[in-house]
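All remarks here apply to the structure that follows.
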Amino acid sequence: MVSDARQSTRLAGLPAAPGVAVAPAWRYVDDAARPHGPSMEPSGDPRTALEESGREAARQLDVLAERLREAGRADEAEILGAQALMATDQTLIGAAVDRVRAGQDLGAAIVAAAAASAETIAAVDDPLLAARAADVRDVGARIARILSGSELDLPSVPSIVVASDLPPSVTAEVPKGRLVGIALEGGSPTAHAAILARGLGIPAVVGVAGLIGALEHELAAGGAPFEVALDGDRGEVVLRPGADVRVELATRVAAALIRRNRAAPLRGRPGATADGEPVALLANIGTPDEADRALASGAEGVGLFRTEFLFMGRHAAPSEEAQVEAYRTVFEVFGSERRVVVRLADIGGDKAIPYLDLPAEANPFLGVRAIRIARRSPELLLTQLRAISRAGALAGVQPHVMAPMIATHEDVALFLALRDEAQASLAAESLPHAPRLVCGIMIEVPSAVFLARELAREVEFFSIGTNDLTQYLFAADRTNPELTRYHDALHPAVLRAIAEIVAAAHASAIPVAVCGELAGDPAGALVLVGLGVDELSADAGSLDDVRFALAGATRSELDELARSGLAAGDAATVRRLAGEVCERALARAAVTEAPG
């Protein structure tokens, strides 16, 4: 923590959603952490009172989810839909009943039961499951509010929320326009608060060590309210920003607006460098509802269609028919000219999937998940492959499928055997299906990097998941803010791994894509293209900036940038070099692409 001469307090965190904002701080205190008023005592069995309140919580969450769907925010609606199921979960209710019978108040009992469940879930080293732990606490707090008849204290003016963590249902309840930024001491770029921020188009910074203590100190020293500046691009929070900070942020906002206005006309063009070398720009999507937005952003296809939404928050696996419709929807949006790469479900022991009946694992994030689950439950991925093939036939497209968490030749053999079995079974049943599934694998496990040359001869494309690859290379949990220094995918160690993967792919004449967060960072994208990556797949909202940066950079510049990055000693040096090249490229593109 460093304070400048104007008494501004600067704090570093992790960038989670792009953009900048300056607004009054709204301090959100987790309901589970604050004392509750007495609950309305039940006239009968405490289980009845808790179940009734749980049903009311589920009703409220369903209403909020429907409101988000109507606003086109399908990802967030899915989060609240899953919470609605938790609110009536009998295991949670039963744990609260036991606490009531031991002498606890109803509200305190449900909050404590939810907290205990969340601690168990959060002990697993996985960002998605950690977000699920926050959801459980949020549900417990909502039920407690219903029991006590209390309501959330929401901001009355446009504000930046400052909190330890932010439950997804809270952001859904804030009136439109009142939430302009999110700053969290906890969380990660993959947490639900970050997903919500990106959906709202507001900046977010997470993992800000010391944020709450600094906020409380400022409140004690100078009273309230006071303003906060948020930089979601660089991952910085400034309490009580001075004039210098405001001018810097305003300048950057103006420059970004000008750049995006100039970049918008490029949406109809394929991605390419200044000297015409093509670089396919694809979108990452998590639900079928995101397909239209991705197409409107100028995406040349989908490089990563995450399918976990079909499997999470359910009591049984989705039917083949339900999956066919979901995949067909996306295939039809993009048509036969723009490919859609469907990732097989990355689920397993590290996520709360009750119908899988997986045994407890000491470290589920490195356990039975993704392709590994097919060794004990092959029907799950077999059904998914059948559905993808059927959807491709119905939509008249050539499906592309990739398997995550590939670590060995045996993993690839299992994947391809499942594909062959799926195709053969569809033919035997005389069901319409795609003549062929184009199969690729995700390279995100270090063993796959060392095996890349052999693996490239067995599949038709590679896709690099830089988020997990970085995490595994450094053995550093990316959700842990104390390990932030290891989380930068522009570290030379990661770049050398990517260079080896690219060389292996090209030696077998197959394309290689990157679908991690680095692909959506303009400076990072330039480094990746310099390393020889053929395709970049990122959030649809980042494609304009990446396309614009590429349009101002030449092949020779990017080759030199890649050479310098590979020879650098640390990520900070690479970031500086990439930033300089990116700034020149953006400035050149602004002149080249200027109207008239």
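Residue numbers run from 1 in the order of the sequence given. Just so we're clear, the structure is a prediction, and the values are computed from it rather than from any experiment.
Here the side chains of Val162 and Leu211 are in contact, with some heavy-atom distance below 4.5 Å. In this structure, the side chains of Leu469 and Ile464 come closer than 4.5 Å at one or more pairs of heavy atoms. You'll find the side chain of Cys582 reaches within 4.5 Å of the side chain of Pro522, heavy atoms only. For the pair Arg306/Thr287, no side-chain contact is recorded, criterion being any heavy-atom separation below 4.5 Å from C-beta on. Counting heavy atoms from C-beta outward, Val333 and Asp292 have side chains that approach closer than 4.5 Å. Residues Leu577 and Leu561 are in side-chain contact: their nearest non-hydrogen atoms beyond the backbone lie under 4.5 Å apart. For the pair Leu566 and Leu531, the minimum side-chain heavy-atom distance is below 4.5 Å. Using a 4.5 Å cut-off on side-chain heavy atoms (C-beta onward), Val208 and Leu184 make no contact.
Contact detail for Ala25 and Val228: the closest heavy-atom pair is CB-CG2, 3.5 Å. Nearest heavy atom pair, residue Thr273 against residue Ala553, reads CB-O, 3.3 Å. Summarising the geometry of Gly19 relative to Pro203, their closest heavy-atom pair is O-CB, 3.2 Å, with the distance given to 0.1 Å. What you find for Ala452 and Ile501 is that their closest heavy atoms are CB-CA, 4.5 Å. Between Ala549 and Ala585 the shortest heavy-atom distance is O-CB, 3.4 Å. Residue Val22 comes nearest to Ala229 through the heavy atom pair CG2-CB, 3.9 Å, listed as atom of the first residue, atom of the second, then distance.
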_side chain to side chain contact (heavy atoms under 4.5 Å, CB included) between Ile160 and Ile182, worked out_ = CA-CA 6 Å; Ile160 291 173; Ile182 297 173; over 6 Å; no

*Leu518 vs Leu490, side chain to side chain contact (heavy atoms under 4.5 Å, CB included): CA-CA, chis, key distance, verdict*: CA-CA 8 Å; Leu518 191 62; Leu490 281 182; 3.7 Å; yes

_Chi angles and distances behind the side chain to side chain contact (heavy atoms under 4.5 Å, CB included) call for Asp138, Gln83_ = CA-CA 8 Å; Asp138 186 23; Gln83 281 192 299; 2.9 Å; yes

*Give the C-alpha distance, both sets of side-chain angles, the deciding distance and a yes or no for ring pair (Phe, Tyr, Trp, His ring centres under 6.0 Å) between Phe474 and His491.*
CA-CA 10 Å; Phe474 289 106; His491 193 283; 5.0 Å; yes

*Would you sort out whether Phe334 and Leu295 count as a side chain to side chain contact (heavy atoms under 4.5 Å, CB included), showing the intermediate values?*
CA-CA 7 Å; Phe334 283 90; Leu295 186 61; 3.9 Å; yes

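Residues His487 and Asn467 have side chains that never bring a donor and an acceptor to within less than 3.5 angstrom of each other. Judged by distance alone, the side chains of Thr573 and Asp570 do bring a donor and an acceptor atom under 3.5 Å apart. Between the side chains of Glu557 and Thr554, at least one donor N or O sits under 3.5 Å from an acceptor N or O. In summary, the side chains of Ser556 and Glu560 do not present any donor paired with an acceptor at a separation below 3.5 Å, with no hydrogens or angles considered.
Within the 3.5 Å criterion, the main-chain N or O of Asp231 finds no donor-acceptor partner in the side chain of Glu236. The backbone N or O of Ala280 sits nowhere less than 3.5 Å from a side-chain atom of Glu535 that would complete a donor-acceptor pair. In terms of modelled atom types and a separation under 3.5 Å, the side chain of Arg588 and the main chain of Gly552 share a donor-acceptor contact. Without hydrogens or angle criteria, Glu444 side chain to Met405 main chain gives a donor-acceptor distance under 3.5 Å. Using modelled atom types, one side-chain atom of Asp534 and one backbone atom of Val512 make a donor-acceptor pair closer than 3.5 Å. Although no hydrogens or angles enter the test, the distance criterion places a donor-acceptor pair under 3.5 Å between the side chain of Ser542 and the main chain of Asp539. Checking side-chain atoms of His400 against main-chain N and O of Gln398 turns up a donor-acceptor pair under 3.5 Å. Arg269 places no side-chain N or O within donor-acceptor distance of the main-chain N or O of Gly298, the cut-off being under 3.5 Å. Arg10 places no side-chain N or O within 3.5 Å of a backbone atom of Val238 that could act as its donor or acceptor partner. A donor-acceptor contact shorter than 3.5 Å is absent between the side chain of Glu583 and the backbone of Gly579.
Distance CG/Leu304 to OG/Ser463: 6.5 Å, rounded to 0.5 Å. A distance of 11.0 Å separates CZ in Arg338 from CG in Leu282, rounded to the nearest 0.5 Å. For the atom pair CZ (Arg576) and CD (Glu580), the distance works out to 5.0 Å, reported to the nearest 0.5 Å. Taking CG from Leu543 and OG from Ser297, the interatomic distance works out to 4.5 Å, rounded to the nearest 0.5 Å. Rounded to the nearest 0.5 Å, atoms CD1 (Ile441) and CD1 (Ile443) are 4.0 Å apart. To the nearest 0.5 Å, atoms OH (Tyr28) and OG (Ser164) are separated by 10.0 Å.
Exactly one of Val342, Ile388, Val341 qualifies for a side-chain contact (heavy atoms from CB on, under 4.5 Å) with Phe305. That residue is Val342. None of Asp545, Leu526, Leu266 except one satisfies the side-chain contact (heavy atoms from CB on, under 4.5 Å) rule with Leu550; the exception is Leu526.
Using a 4.0 Å cut-off between charged nitrogen and carboxylate oxygen, Asp559 and Arg563 do not count as a salt-bridge pair. Salt bridge absent: Glu500 and Arg496 never bring a charged side-chain N and a carboxylate O closer than 4.0 Å. Under the 4.0 Å criterion applied to side-chain N and carboxylate O atoms, Arg240 and Glu227 are not assigned as salt-bridge partners. One finds a salt bridge joining Asp521 and Arg575 here, because a Lys/Arg side-chain nitrogen approaches an Asp/Glu carboxylate oxygen to under 4.0 Å. With salt bridges taken as basic N to acidic carboxylate O contacts below 4.0 Å, none links Glu300 and Arg267. With salt bridges taken as basic N to acidic carboxylate O contacts below 4.0 Å, one links Arg343 and Glu308. Look at Asp346 and Arg369 and you find a salt bridge, because one of the NZ, NE, NH1 or NH2 atoms lies within 4.0 Å of a carboxylate O, short of that distance.
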